[in-house]
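Quick caveat, the model's predicted, so the values are computed rather than measured.
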Amino acid sequence: MFIFLSILGGFLILTVGAEALVRGASQIALRLGLTPLIIGLTIVAFGTSAPELAVSVKSAIAGNSGIALGNVIGSNIANIGLILGITALIRPIKIESQMVRRDIPIMIAASLLFWSLLLDGGLSFWDGAILFALLVAYLTFSYFTAEKQTDDDVEDTKQNPMLSVLFIVIGISMLVGGGILFVDGAVAMAQSFGISEVIIGLTIVAIGTSMPELVTSIVAALKGQSDIAIGNVVGSNLFNILGILGVTALIHPIVGSEISNLDWSAMIAFAVILLPFAYTGLRIGRREAAILVLSYLGYIGYLVAQV
């Protein structure tokens with residue numbers, strides 16, 4: 001009963017937190033004259049990735065590198081296959097040309113870099129430093145090259161800026177708390193069935209820590225904020241690799257021998273396939289969304305069959 005309440009309570013907290021984060025972030029975007037896409041790639045993406053950071057750091061310090069790595073790899077796969085797929089099934093997502101020209105290719109490059117750094121069996125302190133430095137460089141570049149909105153757009157917002165910040169803080173706090181509560185309940189349920197650490201990391205923990213992205217992207221899409229929805233997914237994947245693994249490796253080395261070639265291939269394949277899907281018509285329609293979701297279910301089905 002406690003496990004069930006933990007999962008249900010976590011999901012409800014996530015839903016309320018996502019609503020608060022999207023509302024605050026969209027208002028801050030207007031106030032700062034930044035496009036919702038940049039806010040989606042940064043504030044929203046990092047906020048929804050906070051549970052992954054907490055779980056990965058905690059797991060690495062405890063010596064559970066399988067969960068730490070599986071969490072990030074599984075979350076990146078789930079973000080595109082499950083989160084983006086379900087969101088676009090509910091409401092097709094429009095794509096800005098900047099996303100196709102710059103942000104998705106950068107996500108693919110980061111995925112390949114991640115794979116290459118782990119060829120020696122793990123992520124060292126210096127690997128973490130490289131990843132984190134690249135995150136800082138990406139954020140700096142994104143800010144200074146961001147298209148600014150017009151003064152008329154900025155004047156359209158009437159919400160107190162401090163209230164917008166409060167919405168963001170409350171939203172992120174609820175996403176972290178709800179995500180951890182959801183994951184703890186899901187992991188406890190999986191362990192009671194004797195499921196392995198890596199499988200738990202790639203599936204239950206990954207999906208659990210990706211729940212903030214799912215709820216936030218759906219809420220954003222339903223509100224007509226497609227830029228926040230797609231920016232949240234791509235930004236989260238970048239932050240998972242460069243930020244979460246970067247910080248985790250700086251704190252404690254990560255061993256990567258437990259991750260299979262299938263998992264690497266799936267993570268890179270989902271990142272790569274997103275590019276032509278986004279390029280075609282500059283939108284993710286229901287047909288592409290169905291392919292993403294079915295591919296993800298096939299991947300999960302294969303993992304479960306191996307248990």
Side-chain angles (χ1 to χ4, degrees), residues 7 10 14 45 48-60 62 64-86 107-108 110-112 114-115 118 122-123 175 179-180 182-191 193 195-215 217 232-245 248-249 254-274 292-307:
I7 294 173
L14 284 169
T48 56
S49 288
E52 281 99 329
L53 177 60
V55 170
S56 290
V57 171
K58 178 181 176 183
S59 299
N64 299 322
S65 291
I67 289 182
L69 275 178
N71 173 35
V72 168
I73 294 172
S75 290
N76 279 21
I77 295 171
N79 282 346
I80 296 175
L82 186 66
I83 280 69
L84 195 59
I86 290 178
M107 179 186 67
I108 295 172
S111 301
L112 292 171
F114 175 27
W115 170 75
L118 267 177
L123 293 178
L175 289 176
I180 292 175
F182 184 97
V183 169
D184 285 346
V187 169
M189 180 180 291
Q191 290 177 336
F193 287 100
I195 300 175
S196 73
E197 179 182 295
V198 175
I199 297 298
I200 289 174
L202 285 166
T203 57
I204 297 170
V205 175
I207 294 173
T209 56
S210 290
M211 287 303 293
E213 283 90 342
L214 174 60
V215 179
S217 289
N232 173 35
V233 168
V234 175
S236 291
N237 278 18
L238 279 168
F239 186 67
N240 284 348
I241 295 173
L242 303 179
I244 291 174
L245 287 179
T248 303
I254 301 174
V255 178
S257 57
E258 299 177 74
I259 304 299
S260 71
N261 289 330
L262 171 67
D263 304 319
W264 288 117
S265 300
M267 183 188 73
I268 294 172
F270 273 98
V272 170
I273 198 174
L274 181 58
L292 290 175
V293 173
L294 290 174
S295 298
Y296 181 76
L297 292 177
Y299 167 72
I300 293 298
Y302 178 82
L303 289 181
V304 172
Q306 304 307 304
V307 176

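- Minimum heavy-atom separation, N240 to S75: ND2-CB, 3.8 Å.
- Here the closest heavy-atom approach between residue L303 and residue D263 is recorded as CD2-OD1, 3.9 Å.
- The minimum heavy-atom distance linking N76 with M267 is given by the pair CB-CG, 4.1 Å.
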CA sep, side-chain torsions, deciding dist, call: I77, I300, side chain to side chain contact (heavy atoms under 4.5 Å, CB included): CA-CA 10 Å; I77 295 171; I300 293 298; over 6 Å; no

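- A distance of 9.0 Å separates CD1 in I83 from OG in S236, rounded to the nearest 0.5 Å.
- Within the model, atoms CZ of F270 and CG of L274 stand 10.5 Å from one another, a figure rounded to the nearest 0.5 Å.
- Scanning all heavy atoms of the two residues, the minimum distance from S217 to V233 falls at OG-CG2, 3.9 Å.
- Considering only residues two or more places apart in sequence or on other chains, I108 meets the side-chain contact (heavy atoms from CB on, under 4.5 Å) condition with I104, L112, A271, V272, L275.
- Scanning all heavy atoms of the two residues, the minimum distance from I254 to A249 falls at CD1-N, 4.1 Å.
- For N79, the side-chain hydrogen bond (donor to acceptor under 3.5 Å, both in side chains) partners at least two apart in sequence or on another chain are S210, N237.
- Put simply, CG on L82 and CG on L297 are 7.5 Å apart, with the number rounded to the nearest 0.5 Å.
- The closest side-chain heavy-atom distance from I80 to Y296 is not below 4.5 Å.
- Side-chain atoms of L69 and L245, non-hydrogen and from C-beta on, do get closer than 4.5 Å to each other.
- Residue I73 holds its CD1 atom at 12.5 Å from CH2 of W115, rounded to the nearest 0.5 Å.
- By the side-chain contact (heavy atoms from CB on, under 4.5 Å) test, L294 is found to be paired with no residue, residues two or more places apart in sequence or in another chain being considered.
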